[in-house]
Protein chains: 2
Amino acid sequence: MAQPQIEELNLLHAHVCQALGVPTRLQILYALHDQPTRVNALAEMLKTPQSSISRHLAVLRQRSLVLAERNGTEVTYRLADDRIIEVLDLMRLVLRDALERQSNILN
Amino acid sequence: MAQPQIEELNLLHAHVCQALGVPTRLQILYALHDQPTRVNALAEMLKTPQSSISRHLAVLRQRSLVLAERNGTEVTYRLADDRIIEVLDLMRLVLRDALERQSNILN
DNA sequence: TTCATTTATTCGGAAAAGCGAATATATGAA
DNA sequence: TTCATATATTCGCTTTTCCGAATAAATGAA
């Protein structure tokens with residue numbers, strides 16, 4: 001397959017979005033937006049077992065959201081594309097506005 | 001709770017993103033961007049059982065992504081916020097670019 | 001009330017995704 | 001080669017999510 005068909009792109013699209021549906025993975029993406037970070041550093045920052053972080057990173061890597069670079073035994077991850085944060089920020093803004101609208105209705 | 005805390009907003013954020021991780025739900029959102037649509041019409045358009053569409057719509061409604069309006073026995077759904085499509089389109093563009101980068105590497 | 005239509009919910013089961021602990025692998029230093 | 005460190009993967013297991021079919025609920029017309 002040279003270019004994925006629309007149907008298939010839709011599947012990939014959902015697959016990528018699904019990767020964003022876990023709080024720890026969102027935290028990882030925001031942390032990597034600050035700066036490229038090693039696996040252990042992420043595990044400490046997020047107070048999460050290393051195996052869990054590593055699995056989440058594998059998911060994010062498979063979905064083209066992050067890139068890995070090895071230096072010796074260390075592996076540093078970075079965002080594959082800063083626009084991912086734009087996506088997340090916009091989604092968060094939309095959510096925030098929706099919540100505000102709801103609370104206005106309640107008052 | 002008047003204003004959700006950051007921690008809680010993060011959970012909601014992931015919760016909303018998770019709703020985007022199913023192909024049929026993406027199709028629903030894009031269809032609703034074209035125009036507000038009734039449940040049965042969506043079911044026919046997407047060749048999906050009505051119960052399935054209705055469940056997906058309930059998920060999207062709970063996550064503030066769509067709004068429902070009842071007229072008699074019919075219920076018409078619409079996007080809660082057009083920026084949701086901006087989010088999806090930007091994510092799709094990022095994905096497309098990532099795929100292109102990968103195929104360049106392979107060639 | 002009864003009936004037809006539309007939508008929502010429940011049911012039962014299958015598939016997917018998550019987790020921490022433990023183990024395996026990879027790399028470089030000694 | 002042996003050891004230490006960093007990361008990846010596997011192992012059981014639990015929880016969540018999804019599905020189609022069937023049923024229930026809501027609405028309006030007759």
Side-chain angles (χ1 to χ4, degrees), chain A residues 7-8 10-29 31-32 35-80, chain B residues 7-8 10-29 31-32 35-80:
Chain A
E7 172 73 17
E8 188 180 337
N10 192 41
L11 287 179
L12 291 172
H13 194 182
H15 206 227
V16 170
C17 289
Q18 196 238 15
L20 306 176
V22 175
T24 302
R25 291 207 283 259
L26 289 184
Q27 290 183 281
I28 289 174
L29 291 173
L32 296 184
Q35 57 182 313
T37 312
R38 287 177 303 108
V39 178
N40 271 347
L42 285 168
E44 288 169 19
M45 288 170 54
L46 306 183
K47 298 178 181 33
T48 301
Q50 175 268 327
S51 67
S52 184
I53 294 293
S54 193
R55 258 187 281 106
H56 284 310
L57 286 168
V59 169
L60 295 171
R61 184 159 31 85
Q62 286 156 9
R63 270 101 154 156
S64 303
L65 291 166
V66 304
L67 300 173
E69 184 184 353
R70 177 148 228 147
N71 290 91
T73 63
E74 298 179 355
V75 179
T76 297
Y77 283 83
R78 74 188 66 243
L79 282 187
Chain B
E7 171 73 15
E8 187 179 336
N10 192 41
L11 287 179
L12 292 172
H13 194 183
H15 206 228
V16 170
C17 288
Q18 196 237 17
L20 306 176
V22 176
T24 302
R25 290 206 283 258
L26 290 184
Q27 291 184 281
I28 289 173
L29 292 173
L32 295 184
Q35 57 183 314
T37 311
R38 287 178 302 108
V39 178
N40 271 348
L42 285 169
E44 288 169 19
M45 289 168 54
L46 306 182
K47 297 178 180 36
T48 300
Q50 175 267 327
S51 67
S52 183
I53 294 294
S54 193
R55 257 187 282 105
H56 285 310
L57 286 168
V59 169
L60 294 171
R61 184 159 31 86
Q62 284 157 8
R63 269 95 155 164
S64 302
L65 291 166
V66 303
L67 299 174
E69 184 183 354
R70 177 147 226 147
N71 290 91
T73 64
E74 299 179 357
V75 179
T76 297
Y77 282 83
R78 75 189 66 243
L79 281 188

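By convention in this document, chain letters (A, B, ...) are assigned in the order of the sequence lines, proteins followed by strands, and residues within each chain are numbered from 1.
- Straight-line distance from the CZ atom of B/Arg63 to the P atom of D/dT16: 12 Å, rounded to whole Å.
- Judged as a side-chain hydrogen bond (donor to acceptor under 3.5 Å, both in side chains), and not counting sequence neighbours, the contacts of B/Arg25 are B/His56.
- In this structure, the CG atom of B/Leu20 is 14 Å from the P atom of D/dT17, given to the nearest Å.
- Nearer to the 5' terminus of DNA chain C, by closest-nucleotide assignment, is the contact made by A/Val59 (compared with the other of A/Gly72 and A/Val59).
- Without hydrogens or angle criteria, B/Arg78 side chain to B/Ala80 main chain gives no donor-acceptor distance under 3.5 Å.
- In terms of position on DNA chain D, the residue among A/Thr76 and A/Arg55 whose nearest nucleotide sits closer to the 5' end is A/Thr76.
- Nucleotide D/dG20 holds its C1' atom 13 Å from the CD1 atom of B/Ile53, rounded to whole Å.
- A/Glu44 places its CD atom 14 Å from the C1' atom of D/dT7, with the value rounded to the nearest Å.
- Rounded to whole Å, atom C1' of D/dT16 lies 8 Å from atom CD of B/Gln18.
- In this structure, the CG atom of A/Leu57 is 16 Å from the P atom of D/dA6, given to the nearest Å.
- A/Arg70 has its CZ atom 11 Å from the C1' atom of D/dT5, to the nearest Å.
- Look at B/His56 and you'll find a side-chain N or O under 4.0 angstrom from OP1 or OP2 of D/dC19.
- Among the heavy atoms of the strands lying under 4.0 Å from A/Ser54 is at least one base atom, whether or not backbone atoms are also near.
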Report the C-alpha separation of B/Leu29 and B/Val66 in whole Å, then their side-chain angles, then the decisive distance to 0.1 Å, and conclude whether the side-chain contact (heavy atoms from CB on, under 4.5 Å) test is met.
CA-CA 8 Å; B/Leu29 292 173; B/Val66 303; 3.8 Å; yes
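- Of the candidate nucleotides D/dC18, D/dA6, D/dG20, D/dA6 has the atom nearest to the side chain of A/Thr73.
- Summarising the geometry, atom CD1 belonging to A/Ile28 is positioned 9.5 Å from atom CE belonging to A/Met45; distances are rounded to the nearest 0.5 Å.
- Between the side chains of B/Arg63 and B/Gln18, at least one donor N or O lies within less than 3.5 Å of an accepting N or O.
- When distances are taken from the side chain of B/Ser51 to each of D/dA21, D/dA8, D/dA6, the shortest belongs to D/dA21.
- Between the side chain of B/Ser54 and the backbone N or O of B/Ser52, no donor-acceptor pair lies under 3.5 Å.
- For DNA chain C, the outermost nucleotides in 5' to 3' order that have an atom under 4.0 Å from a heavy atom of chain A are C/dA17 to C/dG28.
- Rounding to whole angstrom units, CD of residue B/Gln50 and P of D/dA26 are separated by 15 Å.
- Of the two residues contacting DNA chain C, namely A/Asn71 and B/Ser52, the nearest-nucleotide position lying further toward the 5' end is that of B/Ser52.
- Close to D/dA8, at under 4.0 Å from its OP1 or OP2, lies a side-chain N or O of A/Tyr77.
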Start with the C-alpha gap between A/Leu32 and A/Leu60, add the side-chain angles, then the distance that decides, and say whether side-chain contact (heavy atoms from CB on, under 4.5 Å) holds.
CA-CA 12 Å; A/Leu32 296 184; A/Leu60 295 171; 5.8 Å; no
